[in-house]
Amino acid sequence: MTAPHPLEPHIFVIFGATGDLTSRKLMPALYHLVEDSSADVYVLGVATSALDDADFRALTREALDDAGLDGTDAWRDDRVHFQTVGRDEGYSALRERIEAIEQAHGLPGNRVFYLALPPPVFPIAITRLGEAGLASSQGWTRLVVEKPFGRDLKSARALNQLAHTHFSEDQIYRIDHYLGKETVQNLLVFRFANPIFEGSWNRDRIERVEITVAESLDIGSRGGYYERSGAVRDMVQSHLTQVFTLVAMESPTSIRADSVRAEKVKVLQSIAPLGVDDVVFGQYTRGTIDGAEIPAYRALEGVDPASTTPTYAAVRLFVNNWRWQGVPFVLRTAKALPRRTTQVVVTFRPPPVCLFHGVGDDCFDQSDVLTLTMQPDEGFSLQIEVKEPGESGGIRRVPLHFEYGDEFGEIAEAYETLLRDVAEGDQTHFVRSDWVEESWRVYAPILDGDLPVYPYPAGTWGPDEATNLLGHPAKNWGTK
Ligand code: BG6
């Protein structure tokens, strides 16, 4: 693999520095950037807590230890600083602190502001940064915002407008960590560097596409958050729809950020309005996963005992364009399923004439199936039919198989990849304002409607009602 090139020196300011995301994801990712790319990065943690540099350095050390990262010469404690900033005050002091750190380390004024904050606090933080004159500097200034970006079309629009009052779109990096996964990024290469697939990537050859993000994790202690969000807001509108637009988009004119992002938006603009028959919701009840007892979602702390928040969502989308008209794309995600897997399964049409009927599978089962697995065993597999040796005349399905790990060894964590992109000013794998709005528009009819929510025991593949969406049992989706 080619060695990463050095990044421009910058200060990385994290709002929400004492939170879980900072310790579990951001600090290990920053550590890797410094260690693997010799990036001259200084971190300024910001939170409302009254900590000092020493306290925050100790927290950081703990986080790196937990991630199994030892620290060498490149990652030094003096890269890490802390500044207390109130919800609504302390921004002038923050500005002075940033300038002091830049001066002390000879930094050119390149700044990243990362909002690892609860969504209700985004507007105030963005406004105060702008008012304090922190939206621009002598170098570059970039704002990174975590998901969810809004909770519906109206709130997303309002947040976009507010952000654009202080920052320009090319400064804003709306993060969706799925776009940092190597295998999600590989979708572009897979499709547009391999004409063999691209030539078949249309309604003439493809019968259906299933995109599954199945999690064996249950909601556990996140009841308070999840109760206000549910499967569509937490996963479908963002992660699954990102994967879907990469699968369905037309070829971009180049791999520059705006060409790629423009094509993704067009897919969303072509989606037929969702009807009630296109959606199946479920919520897990008590069950067992890997031998462990899982309490019902409704029994969790922070959850209404009569809650109708879906922990399972299957949504069927139709793209009304020349390439895809009539081909169902089913997006499915759920918590508390039997196992974790993220897959795109593309089922090709069966042979038009059933020459081998009666000697093996029937013609329906002679469809070739391409499975792109994003986790846990990243790679792909193309199931094709071959003749069994000998006189039996039988036909057997065999896989042509590729696994990332076999070829490339360990691959980088999504956050590391994305933080590198931020430092390089590459927005290709970040969410543009119009994508967010179009995506909320697509799901508007099912966000707060009065749709049935079917129970399914934890540790099963979800409600049988979902069978109707594709016409074959839900347990077979995305698990081939
Ligand atoms: C997060 C969701 O954005 O993504 C979680 O809020 C979910 O509910 C997580 O578990 C899944 O991410 P990954 O990378 O583990 O598939």
**Q** Going from CZ on R61 to CZ on F56, what distance comes out if it is rounded to the nearest 0.5 angstrom?
**A**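 The distance works out to 12.5 Å.
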**Q** Do I98 and R111 come close enough that some side-chain heavy atom pair is under 4.5 Å?
**A** yes
**Q** Starting from the C-alpha separation in whole Å, work towards a yes-or-no answer on salt bridge (charged side-chain N to carboxylate O under 4.0 Å, His left out) for R97 and D53.
**A** CA-CA 12 Å; R97 187 74 200 278; D53 286 357; 3.0 Å; yes
**Q** Consider salt bridge (charged side-chain N to carboxylate O under 4.0 Å, His left out). Of E416, E146, E413, which one does K25 pass it with?
**A**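 Looking at E416, E146, E413, the match for K25 under the salt bridge (charged side-chain N to carboxylate O under 4.0 Å, His left out) is E413.
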**Q** Check the side chains of T183 and N186 for a donor-acceptor pair under 3.5 angstrom, ignoring hydrogens and angles.
**A** no
**Q** Between CD1 of I206 and CG of L370, what distance do you get to the nearest 0.5 Å?
**A** 8.0 Å
**Q** Between E378 and E182, is the side chain to side chain contact (heavy atoms under 4.5 Å, CB included) condition met? List the steps.
**A** CA-CA 9 Å; E378 295 90 348; E182 286 288 348; over 6 Å; no
**Q** Quick one, L187 and M374 - any side-chain contact, counting heavy atoms below 4.5 Å?
**A**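 With C-beta onward as the side chain, the pair touches.
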**Q** Should the ring pair W75 and Y31 be called parallel, tilted or perpendicular, given that the plane angle runs from 0 to 90° and is split at 30 and 60?
**A**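 Ring orientation of W75 relative to Y31: tilted.
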**Q** Would the number of heavy atoms belonging to other residues, nucleotides or ligands and lying under 6.0 Å from CD1 of I124 be above 12?
**A** yes
**Q** Tell me, with the steps shown, if R432 and D434 meet salt bridge (charged side-chain N to carboxylate O under 4.0 Å, His left out).
**A** CA-CA 6 Å; R432 207 168 67 178; D434 48 354; 2.9 Å; yes
**Q** Should the pair R95-E102 be classified as a salt bridge under the 4.0 Å nitrogen-to-oxygen rule?
**A** no
**Q** Step by step, work out the side chain to side chain contact (heavy atoms under 4.5 Å, CB included) result for S251 and R191.
**A** CA-CA 9 Å; S251 167; R191 287 195 51 201; over 6 Å; no
**Q** Can you tell me if T212 and R332 form a side-chain donor-acceptor pair at under 3.5 Å?
**A**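 Present: a donor and an acceptor within the cut-off.
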**Q** Are side-chain heavy atoms of Y415 and L21 found at a separation under 4.5 Å?
**A** yes
**Q** Does any non-hydrogen side-chain atom of L115 lie less than 4.5 Å from one of I126?
**A** yes
**Q** Between E169 and H164, is a side chain to side chain contact (heavy atoms under 4.5 Å, CB included) present by the stated rule, with each step listed?
**A** CA-CA 7 Å; E169 182 63 20; H164 289 151; 2.6 Å; yes
**Q** Does T245 reach the side chain of Q242, with side-chain heavy atoms less than 4.5 Å apart?
**A** yes
**Q** Please report the shortest heavy-atom distance between D426 and T428, naming the atom on each side.
**A**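 Heavy-atom minimum between the residues: OD1-OG1, 2.6 Å.
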**Q** Could you check whether S23 and E62, counting side-chain N and O atoms only, form a donor-acceptor pair closer than 3.5 Å?
**A**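 There is no such pair between these side chains.
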**Q** Does a donor on one side chain sit under 3.5 Å from an acceptor on the other, for H81 and Q83?
**A**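 Per modelled atom types, H81 and Q83 side chains form no pair under 3.5 Å.
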**Q** Hey, does E263 have a side-chain heavy atom less than 4.5 Å from the side chain of V260?
**A**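 Result no, sub-4.5 Å side-chain heavy-atom pair not found.
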**Q** So Q185 and H429, do their side chains get closer than 4.5 Å, heavy atoms only?
**A** yes
**Q** Check the orientation of W201 and W324. Use parallel for under 30°, tilted for 30 to 60°, and perpendicular for over 60°.
**A**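 Ring orientation, 0 to 90° scale: perpendicular.
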**Q** E215 and salt bridge (charged side-chain N to carboxylate O under 4.0 Å, His left out): which single residue from R340, R339, K335 fits?
**A**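 It is K335; the other options fail the test.
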**Q** Under the side-chain contact (heavy atoms from CB on, under 4.5 Å) test against F430, which residue among I172, L179, L418, D176 passes?
**A**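 Going through the options one by one, the only one that passes is L418.
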**Q** Distance from F149 atom CZ to L159 atom CG, nearest 0.5 Å?
**A** 3.5 Å
**Q** Tell me if the centroids of the rings in F402 and Y404 come within less than 6.0 Å of each other.
**A** yes
**Q** In terms of ring plane angle, is the pair F329 and F244 parallel, tilted or perpendicular, where the classes change at 30° and 60°?
**A** perpendicular
**Q** Under the criterion side chain to side chain contact (heavy atoms under 4.5 Å, CB included), I'd like the reasoning laid out for T308 against Q283: C-alpha separation, chi angles, the key distance, then a yes or no.
**A** CA-CA 8 Å; T308 53; Q283 187 190 76; 5.6 Å; no
**Q** Kindly indicate whether the side chain of Y114, heavy atoms from C-beta on, has any atom under 4.5 Å from the side chain of T22.
**A** no
**Q** Going from CZ on R323 to CG on D204, what distance comes out if it is rounded to the nearest 0.5 angstrom?
**A** 10.5 Å
**Q** If you take all heavy atoms of G223 and Y297, which pair is closest and at what distance?
**A** O-OH, 4.4 Å
**Q** For a quick test of reading the model, state the closest non-hydrogen atom pair linking N160 to E437 and the distance between them.
**A**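 Here N160 and E437 meet closest at ND2-OE2, 2.8 Å.
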**Q** Can you see whether Y91 has R128 sitting over its ring - NZ or CZ less than 6.0 Å from the centre and within 45° of the normal?
**A**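 No; the conditions do not both hold, so R128 does not lie above the ring face of Y91.
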**Q** Do T373 and Q343 get their side chains close enough for a donor-acceptor pair, meaning under 3.5 Å?
**A**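 Q343 and T373 do have a side-chain donor-acceptor pair below 3.5 Å.
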**Q** As an exercise, state the distance from CG of L153 to CG of L447, rounded to the nearest 0.5 Å.
**A** 9.5 Å
**Q** If you apply the rule salt bridge (charged side-chain N to carboxylate O under 4.0 Å, His left out), what do you find for R142 with E424, and how did you get there?
**A** CA-CA 11 Å; R142 295 175 187 148; E424 289 180 338; over 6 Å; no
**Q** Taking all heavy atoms of L30 and all of V43, pick out the closest pair and write down the distance.
**A** CD1-CG2, 3.9 Å
**Q** Got a salt bridge between D152 and K154, using NZ or NE/NH1/NH2 to carboxylate O under 4.0 Å?
**A**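 Here D152 does not pair with K154 in a salt bridge, since their nearest N and O are not under 4.0 Å apart.
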**Q** If I take atom CE from residue M235 and atom OG from residue S229, how far apart are they, to the nearest 0.5 angstrom?
**A** 10.0 Å
**Q** Out of the candidates V121, V144, L129, only one should pair with F15 under the side-chain contact (heavy atoms from CB on, under 4.5 Å) rule; please name it.
**A**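 Filter result, single survivor: L129.
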**Q** Specify the closest pair of heavy atoms between S259 and T253, including all atoms of both residues, with the distance to one decimal.
**A** OG-OG1, 3.3 Å
**Q** Which pair of heavy atoms, one from P148 and one from P119, lies closest together, and at what distance?
**A** CD-CG, 3.6 Å
**Q** Looking at Q138, I'd like to know if its CD atom is crowded, meaning that more than 12 non-hydrogen atoms belonging to other residues, nucleotides or ligands lie closer than 6.0 Å.
**A**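 For Q138, atom CD is not crowded (no more than 12 foreign heavy atoms under 6.0 Å).
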